[in-house]
Amino acid sequence: MTTIAASNNNNDDVIVSLVADEWLEMADELVNCSSDGGATPSGGRVLLKFEFLFNYICEEFCVFGRKCCKSVLGKKLPWLIQHFSSMLDNLPVQLKCPLCFISQDVSKKNFIFLQKSVKQLKDSLTSYFTEKSDAEACMVATEQHHVGDDIKQLCQHLYKLHYQLLMLFEHFNQVVRSIVATQPKKDDVTGKLVAIHNHLCEKEVVTSQWKHDNDDLQVELRSMTSEESFQLLHDLMTSQQWWKCLQYFHILRKIWTSSSTLYFGDPRDKPSVILTNIYFQCLHEHDALQMYAVIGENDCIMTSKLMKVNREIQHSLHLLDPTSLHDVIN
């Protein structure tokens, strides 16, 4: 299995590498699975976890990019740094992956397509981390030597990383659109999930700071099976008891943390996403075999424009004479 090594022992890098390794393990399981009618891994889980991973990668890229601008590039290429810094500021809004929920039946229906698409995502992700490793080595060299060639290469690495992020984002959105296109409109339950998800997002920030040490409640919840716990959380969401739902969720997550199957996600997963997925799975069991939901924009028009600008700047950097930077450096 491919693994991602954390660089520089940075805490953000360690978290990203852990999340990436988790996703790669799920991706490998799906890609290497035979479609002979036996049990197949959940394609929906792979897509849902990718959204979470991509957000982490974007955050880490922004931190790395700002560090390069501040500590290495500084005032040496002001026209480029101004554009790159502005791009980093807008990145969280421009590259916001949609949440895609698909039932196991939809996953099976699109199994071959999902295998191919997830393999492409996996390969692109590996390429991104290889480029990131090269960029970090270049940044170290630039800090030490302040040579024009290193300055130019670091700028090229940063824009290549940004371009690879755009490609990952575009490919993921294409996968989501293709799956949705195979399903009848009647299977779309997005309308039932959006309000649920929005309410949970509003409340989860506050409840994450709470202490969840109610002993009596823990005893009660420990006596439940995972299926009973899911149904309880579903009923709380249906009755709009958001605070209580999130309180129960945090306790259940702690109870099931030692389990080999993280029914309630790990501590890095957003409660709003896990709970929305639980609600979706309960809908699937009660209402229909095939259903899907997409929360968020699934549009790559802006991405195409950003890729065009990126290519133009990469071309300008390619033409830049590194010796011309010496005057700027000294």
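Numbering of residues begins at 1 and proceeds along the displayed sequence. None of the values given here were measured: they were computed from a predicted structure.
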Legend entry - Heavy-atom closest contact (Ser229 atom, Phe264 atom, distance): CB-CZ, 3.8 Å
Inset, instruction - State which residues pass ring pair (Phe, Tyr, Trp, His ring centres under 6.0 Å) with Tyr292; sequence neighbours excluded, sorted by chain then number. - result: none
Legend entry - Met291 side chain near Gln183 side chain, heavy-atom distance below 4.5 Å: no
Inset, instruction - Would you confirm whether Gln115, through its side chain, and Leu30, through its main-chain N or O, come within 3.5 Å as a donor-acceptor pair? - result: yes
Inset, instruction - Could you list the residues that satisfy side chain to side chain donor-acceptor pair (under 3.5 Å) with Ser272, not counting sequence neighbours? - result: Glu204
Inset, instruction - Taking Asn310 for its side chain and Leu306 for its backbone only, find out whether a donor-acceptor pair lies under 3.5 Å. - result: no
Legend entry - pair Arg253-Asp269: side-chain heavy atoms closer than 4.5 Å: yes
Legend entry - Ion pair Glu22/Lys49, N-O distance below 4.0 Å: yes
Legend entry - Donor-acceptor under 3.5 Å (Gln153 side chain, Ala135 main chain): no
Legend entry - Aromatic plane relationship, Phe61 with His162 - under 30° parallel, 30 to 60° tilted, over 60° perpendicular: parallel
Inset, instruction - Please answer whether the main-chain N or O of Ser117 pairs with a side-chain N or O of His171 as donor and acceptor at a distance below 3.5 Å. - result: yes
Inset, instruction - Could you tell me whether a side-chain N or O of Ser127 sits under 3.5 Å from a main-chain N or O of Asp123, the two making a donor and an acceptor? - result: yes
Inset, instruction - Answer with yes or no after comparing the ring centroid distance for Phe50 and Phe172 against a 6.0 Å cut-off, counting only values under it. - result: yes
Legend entry - Any Tyr279 side-chain heavy atom under 4.5 Å of Thr238 side chain: yes
Legend entry - Heavy-atom side-chain contact between Gln164 and Leu161 under 4.5 Å: yes
Inset, instruction - Tell me, please, which residues at least two apart from His199 pass ring pair (Phe, Tyr, Trp, His ring centres under 6.0 Å). - result: Trp242
Inset, instruction - Would you kindly confirm whether Ile112 and Val175 end up in one hydrophobic cluster when ILVMFWY residues are joined by side chain heavy atoms under 4.5 Å apart? - result: yes
Inset, instruction - For the pair Lys160 and Asp134, find out whether any cationic side-chain nitrogen is under 4.0 Å from an anionic carboxylate oxygen. - result: no
Inset, instruction - Evaluate the side-chain proximity of Thr303 to Asn173: yes if any heavy-atom separation is below 4.5 Å, no if none is. - result: no
Legend entry - Sidechain-backbone polar pair: Thr190 side chain, Val294 backbone, donor-acceptor under 3.5 Å: yes
Legend entry - For the student: nearest non-hydrogen atoms of Gln314 and Tyr163, plus distance: NE2-CB, 3.8 Å
Inset, instruction - Give the ring-plane orientation class for Tyr159 versus His83, where under 30° counts as parallel, over 60° as perpendicular and anything between as tilted. - result: parallel
Inset, instruction - Could you tell me whether Asp89 and Arg66 make a salt bridge, using a distance below 4.0 angstrom between a side-chain N and a carboxylate O? - result: yes
Inset, instruction - Report yes if the side chains of Met167 and Met307 come closer than 4.5 Å at any heavy-atom pair, otherwise no. - result: yes
Inset, instruction - Would you indicate whether the side-chain heavy atoms of His197 and Leu200 approach each other to under 4.5 Å? - result: no
Inset, instruction - Check whether any side-chain heavy atom of Lys122 sits under 4.5 Å from a side-chain heavy atom of Trp23, and report yes or no. - result: yes
Legend entry - Flag, side chain of Asn277 to backbone of Val273, donor-acceptor distance under 3.5 Å: no
Legend entry - For the student: nearest non-hydrogen atoms of Leu154 and Cys68, plus distance: CD1-SG, 4.1 Å
Inset, instruction - Measure from the side-chain N and O atoms of Thr182 to the backbone N and O of Ile179, and report whether any donor-acceptor pair falls under 3.5 Å. - result: yes
Legend entry - Salt bridge present between Asp105 and Lys108 (N-O < 4.0 angstrom): no
